[in-house]
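Have a look at the structure below before the remarks.
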Amino acid sequence: MSTAQGTFDSALLESEERRALRKAVGDLGRRYGRDYFTAAVRAGKHTDELWQEAGALGYLGVNLPEEYGGGGGGLAELSIVLEELGAAGCPLLLLIVSPAICGTVIARFGTDEQKRAWLPGIADGSRRMAFGITEPDAGSNSHRITTTARRDPDTGGWLLTGRKVFVSGVDIADATLIVGRTEDARTGKLKPCLFIVDRETPGFEYRRIEMELAAPEKQFQLFLDDVALPAEALVGDEDAGLLQLFAGLNPERIMTAAFSIGMGRYALDKAVDYAKSRQVWQAPIGSHQAIAHPLAQAHIELELARLMMHKAAYLYDAGDDMGAGEAANMAKYAAAEAGAKAVDQAVHTLGGNGLTTEYGLASLLTASRVGRIAPVSREMILNFVSHHTLRLPKSY
Ligand SMILES: Cc1cc2nc3c(=O)[nH]c(=O)nc-3n(C[C@H](O)[C@H](O)[C@H](O)COP(=O)(O)OP(=O)(O)OC[C@H]3O[C@@H](n4cnc5c(N)ncnc54)[C@H](O)[C@@H]3O)c2cc1C
């Protein structure tokens, strides 16, 4: 028997194939589970086994073109993969970066050679790519990035100089997609250009930032001083960088929404189970409305955020970059708020157990904050909606 929700999902949002994907990814995630994930994090390891199996099953490349080894789907499919792995306790941050940002940018704008070199490996998980845009002195204001590429007259290639910060997964990525600007566009409004920088390139230095974050993906500072790159390191066209960048940033926001929703769902499930069985007076604690209502609220807010994420993925996959931009920002905002609130309420529901290692929820308090900060903070989304959607004047 299908519930009303089930009918709505299948009629409007989720085809049979997508529901099958959701179920299969969920099964994979649960087979590994939270214990696997936290054991890897505690040992300072990466969740390579899960990554490789997800790649072999075709889940990491569901959004990439079939002719390059992908599944031929879109962000709707890839966001299902991240959401379901997160809901099973295994939120893989690098999915936001490698297939969603880098895979999309290369698939849409890369040269044939770049597509052949990168997409099959990104799709099957054998190659990974990190993404570096944030700079220490620019932060939320990407227009201020100063990483600069100048032509090397001797080789016809590029010399790249700059600093990046908080770049995730550099140690396990074969290359990093670096956002810079060319020398003739050094100041003023950002005219970006994107470079694929191999991890082994001489002069490409990275240093780990110690984070209070229980995640397998680590964050790094990058130091580039006249790093010599071949001409073919440039992605696509030097003059179309902004278009290329936005083609990657919208998927990043949609996937961060999936990251937050999956994590929120995981925490909420744990809290609901606990609230049903934990009894300290005559009835389970879940019968007290002070416990039940915030959990119900968390569920509603996660579902609402999910609808917005579906809308953003739908618009993006339909090729409406403009519409997707607004929807992706709103989805990321709503999901990050809902995810952080769900985790906070889940921890509270467990009382003292919310902070124990055994129940494993407390580490999500930090992890769930990531969605509120990265890739763009909640304030910058509120700024975007104020200025672009509501046409309010700008204060900065
Ligand atoms: C776990 C993690 C992973 C990350 N991974 C990557 C990655 O892979 N690649 C990458 O390039 N970057 C990555 N980042 C960086 C992330 O995108 C930045 O942290 C984010 O864009 C915010 O920049 P900032 O930290 O410099 O904050 P700042 O820009 O310094 O902002 C600090 C605070 O001031 C607020 N603020 C700033 N300007 C305004 C304004 N005009 N109005 C109102 N409020 C304002 C912000 O909202 C924020 O709360 C990651 C960050 C984290 C935490």
Side-chain angles (χ1 to χ4, degrees), residues 41 46 82 86 91-105 128-147 160 162-181 190 192 194-197 199 206-224 245-246 248-253 255-257 259-260 263 328-329 332-333 336-337 339-340 343 363-388 392-396:
V41 170
H46 298 285
L82 182 51
L92 297 181
L93 189 77
L94 216 61
L95 263 165
I96 303 173
V97 180
S98 191
I101 309 178
C102 302
T104 302
V105 170
R128 287 180 263 218
M129 200 183 278
F131 175 70
I133 182 168
T134 310
E135 294 189 1
D137 296 329
S140 301
N141 186 358
S142 313
H143 292 286
R144 279 183 62 183
I145 67 168
T146 56
T147 294
L160 193 62
R163 301 279 179 273
K164 297 285 175 190
V165 72
F166 294 127
V167 182
S168 301
V170 179
D171 56 334
I172 49 170
D174 300 272
T176 301
L177 185 65
I178 299 272
V179 182
R181 59 203 314 161
L190 178 62
L194 279 69
F195 293 94
I196 299 172
V197 183
R199 193 182 58 206
Y206 54 99
R207 202 170 298 155
R208 187 168 157 193
I209 304 170
E210 294 298 329
M211 305 284 282
E212 293 289 332
L213 187 65
E217 302 86 356
K218 316 295 175 215
Q219 279 65 47
F220 294 86
Q221 261 187 293
L222 304 184
F223 305 87
L224 302 103
L245 181 58
F246 279 97
L249 296 188
N250 288 335
E252 184 180 39
R253 284 154 174 65
M255 290 295 284
T256 306
F259 178 81
S260 297
M263 194 181 294
N329 272 310
K332 208 259 357 178
Y333 175 91
E337 296 306 304
V343 167
S363 61
L364 293 179
L365 286 168
T366 327
S368 66
R369 302 292 296 201
V370 173
R372 297 178 94 210
I373 299 166
V376 52
S377 70
R378 63 193 294 281
E379 288 71 30
M380 293 315 289
I381 292 181
L382 293 172
N383 284 335
F384 174 87
V385 173
S386 315
H387 305 142
H388 292 269
L392 287 163
K394 220 170 167 179
S395 72
Y396 59 97

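Counting starts at 1 for both ligands and their atoms, following the listed order. Basis for what follows: all heavy atoms, side chains included, without hydrogens, waters or symmetry-related copies.
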Worksheet item: Tell me: protein heavy atom nearest atom 20 (C) of ligand 1, and distance?
Response: Ile373 O, 3.5 Å
Item to complete: Flag atom 36 (N) of ligand 1 as yes if some protein heavy-atom distance to it falls below 4.0 Å, otherwise no.
Response: no
Worksheet item: Which residue owns the protein heavy atom closest to atom 3 (C) of ligand 1, what's the atom, and how far is it?
Response: Ser168 OG, 3.3 Å
Discussion item. Need the ligand 1 atom indices (1-based, order shown) with element for anything under 4.0 Å from a heavy-atom of Asn383.
Written reply: 40 (C), 41 (N), 42 (N), 43 (C)
Worksheet item: Going by the atom numbers of ligand 1, which of them fall below 4.0 Å from some non-hydrogen atom of Ser377?
Response: 46 (C), 47 (O)
Discussion item. I need the atoms of ligand 1 closer than 4.0 Å to a non-hydrogen atom of Met380, numbered in the order shown.
Written reply: 38 (N), 39 (C), 40 (C), 41 (N)
Item to complete: State the atoms of ligand 1, each with its element, that fall below the 4.0 Å cut-off from a heavy-atom position in Val167.
Response: 7 (C), 8 (O), 9 (N)
Worksheet item: Does a side-chain N-to-carboxylate-O contact under 4.0 Å join Glu337 and Arg378?
Response: yes
Worksheet item: Which pair of non-hydrogen atoms, one from Leu213 and one from Gln219, has the smallest distance, and what is that distance?
Response: CD2-OE1, 3.9 Å
Discussion item. Looking at Ser98 and Leu94, would you say the former's side chain and the latter's main chain have a donor-acceptor pair under 3.5 Å?
Written reply: no
Item to complete: Give the numbers and elements of all ligand 1 atoms closer than 4.0 Å to a heavy atom of Leu213.
Response: 1 (C)
Practice prompt. Mark up the atoms of ligand 1 that fall under 4.0 Å of a heavy atom belonging to Glu379, in ascending order.
Written response: 43 (C), 44 (N), 46 (C), 47 (O), 49 (O)
Worksheet item: Do any non-hydrogen protein atoms sit less than 4.0 Å from atom 14 (N) of ligand 1?
Response: yes
Worksheet item: Looking only at heavy atoms, what is the nearest atom pair of Val165 and Glu135, with distance?
Response: CG1-C, 3.8 Å
Worksheet item: What are the atoms of ligand 1, with element, lying closer than 4.0 Å to any heavy atom of Pro375?
Response: 17 (O), 21 (O)
Worksheet entry | Any non-hydrogen protein atom less than 4.0 Å away from atom 47 (O) of ligand 1 | yes
Practice prompt. Please report the C-alpha distance between His46 and Asp171 in whole Å, then the side-chain angles of each, then the deciding distance to 0.1 Å, and finally whether the side-chain hydrogen bond (donor to acceptor under 3.5 Å, both in side chains) criterion is met.
Written response: CA-CA 10 Å; His46 298 285; Asp171 56 334; 3.2 Å; yes
Fill in: Proximity to ligand 1 by part of Tyr396, non-hydrogen separation under 4.0 Å
side chain
Worksheet item: Can you check whether a protein heavy atom sits less than 4.0 angstrom from atom 32 (C) of ligand 1?
Response: no
Fill in: Under-4.0 Å heavy-atom contact between protein and atom 10 (C) of ligand 1
yes
Item to complete: Might you point out which heavy atoms bring Ala336 and Gly371 nearest each other, and give the distance in Å?
Response: CB-O, 3.1 Å
Discussion item. Within the 4.5 Å heavy-atom criterion, are Asn383 and Tyr396 side-chain neighbours or not?
Written reply: yes
Practice prompt. Classify the ring geometry between Phe220 and Tyr206 as parallel (under 30°), tilted (30 to 60°) or perpendicular (over 60°).
Written response: perpendicular
